[in-house]
Amino acid sequence: MKFEELWRIARFGVVGLTAAGVHYWTVIALVELLQIAPLHANVGGFVVAFWFSYFGHRYWTFSDTVGHQPGQRQSFLRFLLVAVLGFLMNAFLFFLFLHYTDIPYYVALAIVVLTVAAMTYVLSRLWAFRRIAS
């Protein structure tokens with residue numbers, strides 16, 4: 001694997017981990033400060049983290065693969081689809097692990113997060129933020 005791709009994966013990880021923190025703390029704030037139910041707050045956390053993730057990936061992780069204006073809308077819509085798919089896959093897999101296995105929730109969560117992150121990286125790299133011909 002080339003250094004360039006390893007560096008991109010590292011940037012993806014930094015943006016992803018930071019977006020996960022944004023998601024987490026947004027949920028906590030919505031629940032604790034606004035008394036919103038945790039499942040509803042989770043959707044709010046996803047929405048806030050989505051924007052952080054999109055801009056982080058668009059302008060840092062994949063900045064060399066998309067043009068400035070021509071493909072911006074297309075990249076956004078593709079990334080939105082990837083993010084929603086990732087969120088749904090995360091929720092579904094976590095539900096399955098929690099209800100049909102004896103794996104502790106924190107191990108199941110780690111498996112789910114790593115699986116969805118790998119899927120998100122591949123879809124983002126090969127489809128959502130693919131190089132757009134000028």
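We number each residue from 1, following the sequence as shown.
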Return yes if some donor-acceptor pair links the side-chain N/O of His99 with the main-chain N/O of Phe95 below 3.5 Å, else return no. yes
Is the ring pair Trp51/Phe76 parallel, tilted or perpendicular, if the boundaries are 30 and 60 degrees? parallel
Is the shortest heavy-atom distance from the side chain of Thr61 to the side chain of Val14 under 4.5 Å? no
Tell me, do Phe87 and Phe50 make a side-chain contact under 4.5 Å, heavy atoms counted? no
Taking atom CH2 as the centre, does Trp127 end up with more than 12 heavy-atom neighbours from other residues, nucleotides or ligands that are less than 6.0 angstrom away? yes
Salt-bridged, Arg8 to Glu5, with N to O below 4.0 Å? yes
For Ala41 and Ile36, which heavy atoms make the closest approach, and how far apart are they? N-CG2, 3.7 Å
According to a hydrophobic-cluster definition based on side-chain heavy atoms being under 4.5 Å apart (Ile, Leu, Val, Met, Phe, Trp, Tyr only), do Leu77 and Val47 belong together? yes
Hey, mind stepping through Phe79 and Arg58 against side chain to side chain contact (heavy atoms under 4.5 Å, CB included) and telling me if it holds? CA-CA 9 Å; Phe79 185 73; Arg58 169 104 172 83; over 6 Å; no
Checking the side chain of Thr101 only, and the main-chain atoms of Phe97 only, is there a donor and an acceptor separated by less than 3.5 Å? yes
Using every non-hydrogen atom in the two residues, find where Val82 and Ser124 come nearest and quote the distance to one decimal. CG1-OG, 4.0 Å
Treat each ILVMFWY residue as a node, draw an edge where side-chain heavy atoms are under 4.5 Å apart, and state whether Val84 and Val27 are in one component. no
If Ile, Leu, Val, Met, Phe, Trp and Tyr residues are connected whenever their side-chain heavy atoms lie under 4.5 Å apart, and connections chain through other members, are Val22 and Ile28 in the same group? no
Return yes if some donor-acceptor pair links the side-chain N/O of Arg11 with the main-chain N/O of Trp60 below 3.5 Å, else return no. yes
Side chains of Tyr54 and Leu80: closer than 4.5 Å at any heavy-atom pair? no
CZ on Arg78 to CG on Leu81, rounded to 0.5 Å: 10.0 Å
Taking all non-hydrogen atoms of both residues, which atom of Gly44 and which atom of Leu30 are closest, and how far apart? CA-CD1, 4.1 Å
Any donor-acceptor N/O pair, Ser75 side chain to Ala128 backbone, under 3.5 Å: yes
Any side-chain heavy atom of Val112 within less than 4.5 Å of one from Met89? no
